Chemist: 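One structure, pasted below without further comment.
Note that ligands are numbered from 1 as they come in the structure, with each ligand's atoms numbered from 1 the same way. All heavy atoms count here, side chains included; hydrogens, waters and symmetry mates do not. Just so it is clear, the structure is predicted and the values come from calculations on it, not from any experiment.
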Amino acid sequence: MNESYKPEFIELRKWLKDRKFEDTNLIPASFPGTGRGLMSRTSLREGQVIISLPESCLLTTDTVIRSYLGAYVAKWRPPLSPLLALCTFLVAEKHAGDRSPWKPYLEILPKTYTCPVCLEPEVVSLLPKPLRAKAREQRIRVQEFFASSRDFCCSLQPLFSEAVERVFSYSALLWAWCTVNTRAVYVARRRRQCFSAEPDTCALAPYLDLLNHSPGVQVKAAFNEETRCYEIRTSSSCRRHEEVFICYGPHDNQRLLLEYGFVAARNPHACVYVSQGWDCFWFLSRG
Ligand SMILES: C[S@@+](CC[C@H](N)C(=O)[O-])C[C@H]1O[C@@H](n2cnc3c(N)ncnc32)[C@H](O)[C@@H]1O
């Protein structure tokens, strides 16, 4: 069902137009099975560029450095990770509400996520054992990420009238972490002294990040240095008024659930994980 009439999408389209995004063959819609995604307005040919998003629409660590957070990031030692810089910016902009220039984008982001780190422990306990172990590792990673943010977030107090512990709470940083993890595209950037050595490769790409995954399609997606746009070219054709998919990678369903919070039907990369030790012995000896 077409969703382009919804006020949040009308605002987002205006915002994108102001940033030189030229219209597109794609419109937001909701689909049975995959939920919100993008639908083709016309039929799409193999090899066609389906979306081309100008650099000015991308949210990257450059955006953070140019913002009011830039001076705080630049002087922080040891240098901040690029991921923490992005997440801090997302939380601060979300907190700014109507004052944020990113508001039209923030408004269409999910309020909650379904990655295992966001699930209640009773739900995680129902997952298969190998996935449970991965979910535990993910939770620890996010908890460590949160702990590593504390001192830097405290240094931002002069920017907020409210206590920073409330602004940069665990749930706010978890939301930002999931936003980056489930939606960012890959755009490599050179290392800068103000950031730690972790790869600086995540960019949030408003509107383009409404594209859902299908393991059965092939696309070429990259930042084009000549046009200065992030472009996606499809290798599959698509009929008018169908959902347009991209492929997030050759991921099995465990990886999709961990990283993106969903599983794909008819996934050719699906596989079964077998635990080492007695479970495995029991399974094999019965086989
Ligand atoms: C980049 S976003 C795509 C747009 C997203 N559906 C939305 O409404 O904002 C990635 C998220 O979309 C959902 N998603 C992507 N592909 C999917 C699929 N094939 N089936 C179900 N959900 C999917 C998952 O929640 C995933 O974390």
Side-chain angles (χ1 to χ4, degrees), residues 1-13 15-16 24-40 50-51 53 57-60 83 86-87 90 94 102-119 123 127 131 134-135 138 142 174-187 201-219 221-223 230-232 234 236 238 242-270:
M1 205 195 330
N2 184 349
E3 292 202 351
S4 58
Y5 64 87
K6 288 192 166 176
E8 63 268 29
F9 286 118
I10 294 172
E11 285 305 309
L12 181 63
R13 296 288 285 257
W15 182 90
L16 289 163
T24 155
N25 305 307
L26 310 177
I27 50 174
S30 89
F31 300 91
T34 52
R36 192 175 62 166
L38 291 176
M39 175 169 81
S40 61
I50 54 170
I51 189 162
L53 195 69
C57 302
L58 297 178
L59 197 167
T60 65
L83 176 62
L86 281 178
C87 290
L90 276 176
K94 183 97 175 146
W102 292 88
K103 186 179 177 216
Y105 175 52
L106 297 172
E107 287 287 298
I108 65 102
L109 289 175
K111 308 279 178 272
T112 56
Y113 290 93
T114 50
C115 308
V117 65
C118 302
L119 302 178
V123 179
L127 298 173
L131 182 52
K134 292 276 177 200
Q138 185 178 60
V142 174
L174 174 62
W175 168 82
W177 187 90
C178 290
T179 299
V180 175
N181 206 49
T182 62
R183 309 183 77 84
V185 295
Y186 179 93
V187 179
T201 51
C202 290
L204 287 167
Y207 203 66
L208 182 147
D209 66 0
L210 289 167
L211 285 161
N212 284 328
H213 166 83
S214 166
V217 300
Q218 284 184 354
V219 292
F223 185 75
Y230 189 91
E231 294 174 352
I232 299 186
T234 175
S236 332
C238 180
E242 274 186 351
E243 178 166 12
V244 179
F245 291 100
I246 57 173
C247 180
Y248 299 171
H251 303 320
D252 64 47
N253 279 340
Q254 172 170 297
R255 174 99 188 260
L256 285 175
L257 188 69
L258 270 170
E259 304 296 339
Y260 302 97
F262 76 101
V263 292
R266 293 182 296 281
N267 185 353
H269 308 292

Chemist: So with a 6.0 Å cut-off around CZ of Phe31, is the heavy-atom count from everything else above 12?
Modeler: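 Enclosed.
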
Chemist: Heavy atoms only: give me the nearest Asn212-Arg36 pair and the separation to one decimal.
Modeler: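 That closest heavy-atom pairing would be ND2-O, 2.8 Å.
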
Chemist: Among all protein heavy atoms, pick out the one at the shortest distance from atom 11 (C) of ligand 1; state its residue, atom name and that distance to 0.1 Å.
Modeler: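 Of every protein heavy atom, Tyr248 OH, 4.2 Å lies nearest to atom 11 (C) of ligand 1.
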
Chemist: Judging by distance only, is a nitrogen or oxygen of Thr114 under 3.5 angstrom from one on ligand 1?
Modeler: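 No, no N or O pair falls under 3.5 Å.
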
Chemist: May I ask you to identify the nearest protein heavy atom to atom 21 (C) of ligand 1, giving residue, atom name and distance to one decimal place in Å?
Modeler: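 Nearest protein contact, heavy atoms only, for atom 21 (C) of ligand 1 is Phe262 CD1, 3.6 Å.
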
Chemist: Among all protein heavy atoms in this structure, tell me which lies nearest to atom 1 (C) of ligand 1, with the distance rounded to 0.1 Å.
Modeler: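 Of every protein heavy atom, Asp209 O, 3.1 Å lies nearest to atom 1 (C) of ligand 1.
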
Chemist: Of all the non-hydrogen atoms in the protein, which one sits nearest to atom 14 (N) of ligand 1, and at what distance?
Modeler: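 Ranking protein heavy atoms by distance from atom 14 (N) of ligand 1, first comes Asn212 OD1, 3.3 Å.
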
Chemist: Any donor and acceptor pair, going by atom type alone, linking the side chain of Asp209 with main-chain N or O of Ala184 inside 3.5 Å?
Modeler: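 No: the side chain of Asp209 does not pair with the backbone of Ala184.
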
Chemist: Aromatic rings His213 and His251: how do their planes relate, parallel, tilted or perpendicular, breaks at 30° and 60°?
Modeler: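 Aromatic pair His213/His251 classed parallel.
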
Chemist: Evaluate whether atom CD of Gln218 has more than 12 neighbouring non-hydrogen atoms of other residues, nucleotides or ligands under 6.0 angstrom away.
Modeler: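 No, not enclosed.
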
Chemist: May I ask you to test the Ile108-Tyr207 pair for a side-chain heavy-atom distance under 4.5 Å?
Modeler: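 The answer is no; the side chains never approach within 4.5 Å.
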
Chemist: Note the single closest protein heavy atom to atom 19 (N) of ligand 1, along with its residue, its atom name and the distance in Å.
Modeler: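 Answer, as residue, atom name and distance: His213 O, 2.8 Å.
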
Chemist: List ligand 1 atoms under 4.0 Å from Thr182, heavy atoms only on the residue side.
Modeler: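 It comes down to these atoms of ligand 1: 1 (C), 10 (C), 27 (O).
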
Chemist: Please write down residue, atom name and distance for the protein heavy atom closest to atom 27 (O) of ligand 1.
Modeler: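 Heavy-atom neighbour on the protein nearest atom 27 (O) of ligand 1: Tyr260 O, 2.5 Å.
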
Chemist: Donor-acceptor check, side chain of Glu243 to backbone of Gly37, threshold 3.5 angstrom: yes or no?
Modeler: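 Judged by distance alone, no pair lies under 3.5 Å.
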
Chemist: In terms of atom number and element, which parts of ligand 1 are under 4.0 angstrom from non-hydrogen atoms of Leu211?
Modeler: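 Listed by number with element: 1 (C), 3 (C).
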
Chemist: Using a plain distance cutoff, I'd like to know if Arg36 has any nitrogen or oxygen under 3.5 Å from a nitrogen or oxygen of ligand 1.
Modeler: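 Min N/O separation from ligand 1 is below 3.5 Å for Arg36.
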
